[in-house]
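The structure appears right after this line, and notes come after that.
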2 protein chains.
Amino acid sequence: MIKSYIENANFEDTGFSYTLSLISGKHKMVILYCLMEFEVVRFNELRRYLNKISDKTLATNLKELEKDQLIIRKEYPQIPPKVEYSLSERGKSLMEVLDQLCVWGENNRMR
Amino acid sequence: MIKSYIENANFEDTGFSYTLSLISGKHKMVILYCLMEFEVVRFNELRRYLNKISDKTLATNLKELEKDQLIIRKEYPQIPPKVEYSLSERGKSLMEVLDQLCVWGENNRMR
DNA sequence: CGGTATCCATAACGATACTG
DNA sequence: CAGTATCGTTATGGATACCG
């Protein structure tokens, strides 16, 4: 898997860098975690879970996650507006892998 | 594992974000991959594998990876200088997890 | 409530020149 | 060869104000 990446001198076009592109940035992983934990979350609710994220950054991140089909955005046409975010099946499958990073981190933290 | 993260409203202090802090940035993962693949690599050799990385950025990244004990820097006291980089055992164990991201990316790429 | 628009701060990264 | 120093550029995120 990895060997072919380097030999082809073509890392940018690999599944690995593709995965990274989906979850890079300061907040995306945390957003995904919140959605995994609470399943269905509204915009301002999410903003409270993420300690100090701005409206703009949260909105941008959610749009990208939606575009990448990791999360689902459900809008209710009402006043005041109501929008619910949740993980897609694709998003859930990614979370299984990311959880391994948690485990490694817990086990390999240096004191 | 994850549940406790959110409930504690303490994500910044988790094993997961810790792992991320080790490998964030544009090049670190690629550097680790090169070291995994070629095992022992010199500075300029590494610079050629990473398409367009500057001296400065590569040096900074290598220093951080070394400080985080993911890689080992071995310097030969000679003229001209010779320095070899390789994965530590800790670095190798992290690569096993990261490889799962490869696999997910290959399987879940959208066309 | 769930955003946008605008402007600004910061940090990451890069280019070039130089050195022990 | 393996870097460092300096400067410039770009990408990312934040603050504030405002809107349907």
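In what follows, every chain begins at residue 1, and chains take the letters A, B, ... in the order their sequences are listed. Heavy atoms only: backbone and side chains are in, while hydrogens, waters and symmetry mates are out.
- The OH-P distance, from A:Y76 to C:dG3, rounds to 13 Å in whole Å.
- Here the CD atom belonging to B:Q100 is positioned 11.5 Å from the CG atom belonging to A:L98, to the nearest 0.5 angstrom.
- Atom NZ in B:K28 sits 9.5 Å away from atom CD1 in B:I71 (nearest 0.5 Å).
- B:D55 has its CG atom 19 Å from the P atom of C:dA12, to the nearest Å.
- Rounded to an integer number of Å, the gap from A:F43 CZ to C:dG2 P is 8 Å.
- Note that CG of B:N61 is 8.5 Å distant from CG of B:L50, once rounded to the nearest 0.5 Å.
- If you check the side chains of A:E106 and B:Y18, you find no donor sitting under 3.5 Å from an acceptor.
- Between A:E89 and A:K92 there is a salt bridge, since a side-chain N of the basic residue sits under 4.0 Å from a carboxylate O of the acidic one.
- In this entry the distance linking CZ of A:R47 with C1' of C:dT4 reads 14 Å, nearest Å.
- Across all strands, B:K63 comes closer than 4.0 Å only to sugar-phosphate atoms, never to a base (heavy-atom distances).
- Between A:Y85 and A:F43, the ring-plane angle classifies as tilted under the 30° and 60° cut-offs.
- When the side-chain nitrogen and oxygen atoms of A:R73 are compared with OP1 and OP2 of C:dG3, one or more of them lie within a distance under 4.0 Å.
- Taking only side-chain nitrogens and oxygens, B:R42 never comes nearer than 4.0 Å to OP1 or OP2 of D:dC1.
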Open item on the list: Generate the contact string for nucleotides 6-13 of chain D. Rules: B means base contact, S means sugar-phosphate contact only, - means no protein heavy atom under 4.0 Å.
Closed with: BB-----B
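- Across the interface with DNA chain C, nearest-nucleotide mapping of A:P81 and A:T60 shows A:P81 to be the residue nearer the 5′ end.
- Rounded to a whole Å, the CD1 atom of B:I53 is 6 Å from the P atom of C:dG14.
- Summarising the geometry, the separation between CD on A:E75 and C1' on D:dG20 is reported as 12 Å, rounded to the nearest angstrom.
- Per the geometry, CD1 belonging to A:I79 stands 11 Å off C1' belonging to C:dG2, to the nearest Å.
- A donor-acceptor pair under 3.5 Å links the side-chain atoms of A:S17 to the main chain of A:T14, judged by distance alone.
- Atom OG of residue A:S86 and atom CD1 of residue A:I72 lie 4.5 Å apart, to the nearest 0.5 angstrom.
- Between B:L58 atom CG and D:dG3 atom C1' the separation is 10 Å, expressed in whole Å.
- Between A:Y85 and the phosphate of C:dG3, there is a side-chain N or O to OP1/OP2 separation shorter than 4.0 Å.
- Five base pairs at each end of the helix from C:dC1-D:dG20 to C:dG20-D:dC1 define two local axes, and these are offset by 50° (rounded to 10°).
- A donor-acceptor pair under 3.5 Å is absent between the side-chain atoms of A:D99 and the main chain of A:M95, judged by distance alone.
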